[in-house]
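Positions are given from 1 along the sequence.
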Amino acid sequence: MNTVTITIKKQPDLYLEADCFTPDALAGKKADEIKELPVFIGKTVEKIGDYFTVSGEAGPTAAETHLIFNGDLTKVKYIGAKMSAGEVVVNGDADMYVGSWMSGGTIIVNGSVGHFAATAMSGGNLTITGNAGNYLGASYRGDWRGMSKGKITVKGDVGSDCATFMTGGEIEIGGNVDVHVMTHADGGKVIIHGNAKSRLGGQASRGELYLFGTVDVMMPGYAQAGETELTVGGTTAVFTIYEGDHGERHPTRKGQPIYAKLYLKK
């Protein structure tokens, strides 16, 4: 696997949209070619080389390309967006849409990311060692298709509206999460090791949510359905099971409704 190292040398005045920062877009290119690729700042089209130093050479395919980003990238959007293979490592914080619409490959962010990370993700692995903003693994605005496959791991806290319209895959959160988790979910799994504020699983029809900490306010559409001992995220514990959201229409199997399930650690 060949490595390309991209280091920011000048902060943009406005937010920079770099949807070319993927193994797919850079595969087969040398450093001098990458420096000439366009990036967008508002209505202005500029070059990667205007803001970044570039070294190394990409592999012949996305799967054989390893990208390393260094520096403060809090004004850089779309890192790893729509990538299908390869590896991306971000050594610093990044702005919105990290890994959005990604279908394969691996992204590791050694820092925090902004809103809409992993929007409509359909495969691959995204690991964030810091915090993530709002709408992690959710659908795009106005769409009903959120995360469907893959794995997201966040070691810190996550903002609101995580996993909205989720249909599959898994999100594991090491810290706390804000309001609205798995709203409208129709599958998938979310594990929260910290605390949650309120509105877990609102209008969800399927899916599983495991909460190790506390929730400020339970949704009224969930009913208690027993207890069980499970090993989740490497930890074995007894959970109280809640089924719902009873305000939503549910599919059936052998005549029995299938509910979304909330597992709250006792």
Undergrad: Could you go through Asp245 and Met219, starting from their C-alpha distance and side-chain angles, then the distance that decides it, and tell me whether this counts as side-chain contact (heavy atoms from CB on, under 4.5 Å)?
TA: CA-CA 8 Å; Asp245 183 341; Met219 286 287 294; 3.6 Å; yes

Undergrad: State plainly whether one hydrophobic cluster holds both Val39 and Val90, where clusters connect Ile, Leu, Val, Met, Phe, Trp and Tyr through side-chain heavy atoms under 4.5 angstrom apart.
TA: yes

Undergrad: What pairs meet the side chain to side chain donor-acceptor pair (under 3.5 Å) rule with one or both residues in residues 39-49, with sequence neighbours excluded?
TA: Glu36-Lys47, Glu46-Tyr51

Undergrad: So does Glu208 pair up with Lys261, basic N to acidic O under 4.0 Å?
TA: no

Undergrad: If you measure from NZ on Lys155 to NE2 on His193, what distance do you get to the nearest 0.5 Å?
TA: 11.5 Å

Undergrad: Tell me the closest heavy-atom pair linking Glu33 and Lys29, and the distance in Å.
TA: OE1-CA, 3.5 Å

Undergrad: Is there a path of hydrophobic side-chain contacts, each under 4.5 Å between heavy atoms, that joins Phe165 and Phe116?
TA: no

Undergrad: Ignoring hydrogens and angles, state whether a donor on the side chain of Ser205 or Asp186 is under 3.5 Å from an acceptor on the partner side chain.
TA: yes

Undergrad: Could you check whether atom NZ of Lys149 has more than 12 heavy atoms from other residues, nucleotides or ligands sitting under 6.0 Å from it?
TA: no

Undergrad: For the residue pair Lys265 and Phe212, what are the closest heavy atoms and their distance?
TA: CD-CD2, 3.5 Å

Undergrad: Would you find a donor on one side and an acceptor on the other, under 3.5 Å apart, between the side chain of Thr129 and the backbone of Gly111?
TA: yes

Undergrad: How close do Gly130 and Val154 get, heavy atom to heavy atom, and via which atoms?
TA: O-CG1, 3.5 Å

Undergrad: Do the side chains of Thr164 and His180 get nearer than 4.5 Å, heavy atoms only?
TA: no

Undergrad: Are Val181 and Leu264 in one and the same hydrophobic cluster, where Ile, Leu, Val, Met, Phe, Trp and Tyr link if side-chain heavy atoms are under 4.5 Å apart?
TA: yes

Undergrad: Membership question, hydrophobic clusters at under 4.5 Å side-chain separation (ILVMFWY): are Val4 and Leu37 in the same one?
TA: yes

Undergrad: Measuring centre to centre across the rings, with the benzene-like ring taken for any Trp, is Phe21 within less than 6.0 Å of Phe69?
TA: yes

Undergrad: Kindly confirm or rule out a cation-pi arrangement of Arg141 over Tyr135, judged by NZ or CZ under 6.0 Å from the six-membered ring centre and within 45° of its axis?
TA: yes

Undergrad: Distance-only, no hydrogens or angles: does the Thr65 side chain make a donor-acceptor pair with backbone N or O of Gly59 under 3.5 Å?
TA: yes

Undergrad: Side chains of Ile48 and Val54: closer than 4.5 Å at any heavy-atom pair?
TA: yes

Undergrad: Taking Glu172 first and then Lys189, would you say they form a salt bridge - that is, a charged N and a carboxylate O separated by under 4.0 Å?
TA: no

Undergrad: Does Asp216 form a side-chain hydrogen bond (donor to acceptor under 3.5 Å, both in side chains) with Ser198? I'd like the steps, not just the answer.
TA: CA-CA 6 Å; Asp216 291 350; Ser198 65; over 6 Å; no

Undergrad: Just how far is it from atom CD1 of Ile171 to atom NZ of Lys151, taken to the nearest 0.5 Å?
TA: 10.5 Å

Undergrad: Kindly indicate whether the side chain of Asn195, heavy atoms from C-beta on, has any atom under 4.5 Å from the side chain of Val215.
TA: no

Undergrad: Do Tyr263 and Leu209 have side chains that approach each other closer than 4.5 Å (heavy atoms only, starting at C-beta)?
TA: no

Undergrad: Side chains of Thr74 and Asp95: do they bring a donor and an acceptor to under 3.5 Å?
TA: no

Undergrad: Distance from Asn110 atom CG to Thr127 atom OG1, nearest 0.5 Å?
TA: 9.5 Å

Undergrad: Would you confirm whether Thr231, through its side chain, and Thr235, through its main-chain N or O, come within 3.5 Å as a donor-acceptor pair?
TA: no

Undergrad: Among Thr7, Thr5, Asn70, find the one that has a side-chain hydrogen bond (donor to acceptor under 3.5 Å, both in side chains) with Asn91.
TA: Asn70

Undergrad: Indicate yes or no: does Lys30 engage Asp32 in a salt bridge with an N to O separation below 4.0 Å.
TA: no

Undergrad: Which heavy atom of Leu211 sits nearest a heavy atom of Phe239, and at what distance?
TA: O-CE2, 4.2 Å

Undergrad: Apply the side chain to side chain contact (heavy atoms under 4.5 Å, CB included) test between His115 and each candidate in Leu136, Asp161, Asn134; give the one that qualifies.
TA: Asn134

Undergrad: Flag the pair Thr153 / Ile128 as yes when at least one side-chain heavy-atom distance between them is below 4.5 Å, and no otherwise.
TA: no

Undergrad: Apply the test side-chain contact (heavy atoms from CB on, under 4.5 Å) to residues Thr53 and Ile6: give CA-CA distance (whole Å), side-chain angles for both, the deciding distance (0.1 Å), then the verdict.
TA: CA-CA 6 Å; Thr53 61; Ile6 300 173; over 6 Å; no

Undergrad: Within a reach of under 6.0 Å around CG of Asp13, are more than 12 heavy atoms found that belong to other residues, nucleotides or ligands?
TA: no

Undergrad: Working to the nearest 0.5 Å, report the span between OG1 of Thr214 and CG of Asn176.
TA: 8.0 Å

Undergrad: Give, for atom OG1 of Thr236 and atom CD of Glu229, the distance between the pair rounded to the nearest 0.5 Å.
TA: 6.5 Å

Undergrad: Indicate whether any N or O donor in one side chain lies under 3.5 Å from an N or O acceptor in the other, for Thr119 and Ser100.
TA: no

Undergrad: Just wondering, do Phe52 and Lys9 contact through their side chains at under 4.5 Å, heavy atoms?
TA: no

Undergrad: Side-chain contact, heavy-atom cut-off 4.5 Å: Val177 with Asp157?
TA: no

Undergrad: Any carboxylate oxygen within less than 4.0 angstrom of a Lys/Arg side-chain nitrogen, looking at Lys77 and Glu17?
TA: no

Undergrad: Take atom NZ of Lys82 as the centre, draw a 6.0 Å sphere, and report whether it contains more than 12 heavy atoms from other residues, nucleotides or ligands.
TA: no

Undergrad: Tell me the closest heavy-atom pair linking Glu170 and Ile191, and the distance in Å.
TA: OE2-CD1, 3.6 Å

Undergrad: So, do Val98 and Tyr78 sit near enough that their side-chain heavy atoms are less than 4.5 Å apart?
TA: no

Undergrad: Is there a path of hydrophobic side-chain contacts, each under 4.5 Å between heavy atoms, that joins Val109 and Ile8?
TA: yes

Undergrad: Can you check side-chain contact (heavy atoms from CB on, under 4.5 Å) on Glu243 and Tyr222, steps first, answer last?
TA: CA-CA 5 Å; Glu243 293 181 339; Tyr222 279 80; 5.5 Å; no

Undergrad: For the residue pair His250 and His246, does the interplanar ring angle fall in the parallel (under 30°), tilted (30 to 60°) or perpendicular (over 60°) class?
TA: tilted

Undergrad: List the steps, then state whether side-chain contact (heavy atoms from CB on, under 4.5 Å) holds for Leu67 with Val89.
TA: CA-CA 6 Å; Leu67 304 181; Val89 175; over 6 Å; no

Undergrad: So does Asp178 pair up with Lys197, basic N to acidic O under 4.0 Å?
TA: yes

Undergrad: Could you report the tightest heavy-atom contact between Ile152 and Ala118, atom names first, then the distance?
TA: CD1-CB, 3.5 Å

Undergrad: Report yes or no: do His184 and Glu248 form a side-chain donor-acceptor pair below 3.5 Å?
TA: no

Undergrad: With rounding to the nearest 0.5 Å, note down the distance linking CE in Met147 to CE in Met166.
TA: 4.5 Å

